[in-house]
Amino acid sequence: MHRLHTDYLDIVLCHDVEFVDVSQIVDIALPKLFELKQQGLVRKVGISGYPLDVLLRICQIQQGRGFPLDVCLSYCNYNLHCQALTAAVPKLRAAGVETIIAASPLSMGLLSDDETPEWHPAKSELKAAVKQCIDLVRSSDKISLAEIAENYAFSYNDVDVHLVGAKTAQEVEHALRAYAHAQQLQLHAYGKYEDDNIQRICAQIKTILEPFAEYTWPSPPTNA
């Protein structure tokens, strides 16, 4: 913290909690973080990871112990191809989570307009479906798949924060514009694009990706 020129941290998360035994999180890591919170060195304590069942289990354990988590970050669970987070949000709220963060609206690059990274853990059927969506969007020069994905994800208002990565000031500005546009469109609440051609493309994308709405890949990977 000395190097950060601060005497406290706003948020500290135990990340990728599914990669260790739950006991290491709830019996070792989180108790220490709550000690630091009581000392005023940490303002908010939480966890982050991919499998929603693991995140929820830890949140429920913490609530049962009288130390509910302030923050829970879930990534790749609310986007064009997966809406699993919607069922988990009420359960996380019931477990006392104050702030829910939805991260990676482009599903770790899967929903970008570039070729899917080789390391991406999604199954081949989903990657093929996304490739079909990319080809469909390229038939129009008015919008990209990434823009459609951002507009969809950022319109989900049952979470408190949407988290995206950015390397430059321009990328930060783009994310802010995308969020503002998504709030106007409200696609999650059945809003529509004014442009009929874009709306038609979005409807086709929804049909293509609908079979994967509850699909999640294994994490940790089976070969880990």
Side-chain angles (χ1 to χ4, degrees), residues 1-79 84-86 88-109 149-150 153-183 188 219-220:
M1 287 194 291
H2 175 72
R3 291 183 178 181
L4 293 172
H5 302 288
T6 183
D7 55 3
Y8 70 92
L9 299 175
D10 287 302
I11 302 173
V12 176
L13 304 178
C14 293
H15 183 50
D16 279 347
V17 291
E18 70 268 27
F19 282 80
V20 297
D21 190 86
V22 168
S23 63
Q24 293 188 43
I25 303 297
V26 299
D27 295 332
I28 300 173
L30 288 175
K32 177 55 67 175
L33 289 179
F34 274 99
E35 283 183 23
L36 296 176
K37 181 180 179 181
Q38 290 173 347
Q39 295 169 20
L41 298 175
V42 172
R43 296 284 177 87
K44 303 288 184 180
V45 173
I47 58 174
S48 57
Y50 179 64
L52 289 167
D53 58 337
V54 176
L55 296 175
L56 181 59
R57 181 185 174 197
I58 292 172
C59 291
Q60 291 171 334
I61 290 173
Q62 286 299 126
Q63 184 191 39
R65 294 182 175 184
F67 291 93
L69 293 177
D70 302 304
V71 182
C72 181
L73 183 156
S74 165
Y75 65 88
C76 295
N77 281 310
Y78 190 84
N79 51 58
L85 184 58
T86 57
V89 164
K91 298 175 184 178
L92 292 171
R93 298 290 189 203
V97 177
E98 184 179 287
T99 302
I100 299 174
I101 302 174
S104 196
L106 300 187
S107 192
M108 298 193 299
E150 289 171 337
F154 291 160
S155 72
Y156 181 50
N157 291 326
D158 287 350
V159 297
D160 303 288
V161 177
H162 290 279
L163 181 64
V164 298
K167 301 186 293 293
T168 65
Q170 289 78 10
E171 290 183 356
V172 173
E173 291 168 357
H174 167 82
L176 292 172
R177 288 194 300 271
Y179 179 80
H181 189 210
Q183 288 296 303
H188 176 75
S219 182

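This chain uses plain numbering: 1 for the first residue, then up along the sequence.
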Side chains of Gln62 and Val97 in contact at under 4.5 Å (non-hydrogen atoms): no
Which atom of Phe19 lies closest to which atom of Pro220, heavy atoms considered: CE2-CB, 3.6 Å
From Leu41 atom CG to Met1 atom CE, the distance as rounded to the nearest 0.5 Å: 4.5 Å
Val71 vs Asp160 side-chain heavy atoms within contact, under 4.5 Å: no
Rounded distance [0.5 Å steps], CD in Glu171 versus NE2 in His174: 8.5 Å
Within 6.0 angstrom of Lys37 NZ, more than 12 heavy atoms from elsewhere: yes
Minimum heavy-atom distance between Ala153 and Pro105, given as atom pair plus value: CB-CB, 3.6 Å
Ile47/Cys59 under side chain to side chain contact (heavy atoms under 4.5 Å, CB included): CA gap, chis, key distance, verdict: CA-CA 9 Å; Ile47 58 174; Cys59 291; 4.0 Å; yes
Chi angles and distances behind the side chain to side chain contact (heavy atoms under 4.5 Å, CB included) call for Asp16, Tyr75: CA-CA 10 Å; Asp16 279 347; Tyr75 65 88; 3.8 Å; yes
Side-chain donor/acceptor of Gln63 to backbone N/O of Ala94, under 3.5 Å: yes
Flag, side chain of Arg177 to backbone of Val172, donor-acceptor distance under 3.5 Å: no
Cationic N near anionic O, under 4.0 Å, Arg65 to Asp27: yes
From Asn79 atom CG to Asn77 atom CG, the distance as rounded to the nearest 0.5 Å: 8.0 Å
Shortest non-hydrogen contact from Ala29 toward Cys14: CB-SG, 3.7 Å
CA sep, side-chain torsions, deciding dist, call: Phe67, Ile61, side chain to side chain contact (heavy atoms under 4.5 Å, CB included): CA-CA 9 Å; Phe67 291 93; Ile61 290 173; over 6 Å; no
Residues Arg57, Val22; criterion side chain to side chain contact (heavy atoms under 4.5 Å, CB included); working and verdict: CA-CA 9 Å; Arg57 181 185 174 197; Val22 168; 3.6 Å; yes
Residue pair Tyr78 / His188: nearest heavy atoms and the distance that separates them: OH-ND1, 2.6 Å
Atom pair OG/CD of Ser155 and Glu150 - distance to nearest 0.5 Å: 12.0 Å
Interatomic spacing from NE2 in His162 to CG in Asn157 - rounded to 0.5 Å: 6.0 Å
Min side-chain heavy-atom separation Ile58-Leu30 under 4.5 Å: yes
Polar side-chain atom of Asp70 near backbone of Gly46 as donor-acceptor pair, under 3.5 Å: no
Residue pair Leu9 / Leu4, side-chain heavy-atom distance below 4.5 Å: yes
Under 3.5 Å donor-acceptor, Gln183 side chain and Phe154 backbone: yes
Approximate separation, where rounding is to 0.5 Å, of Asp158 CG and Leu85 CG: 9.0 Å
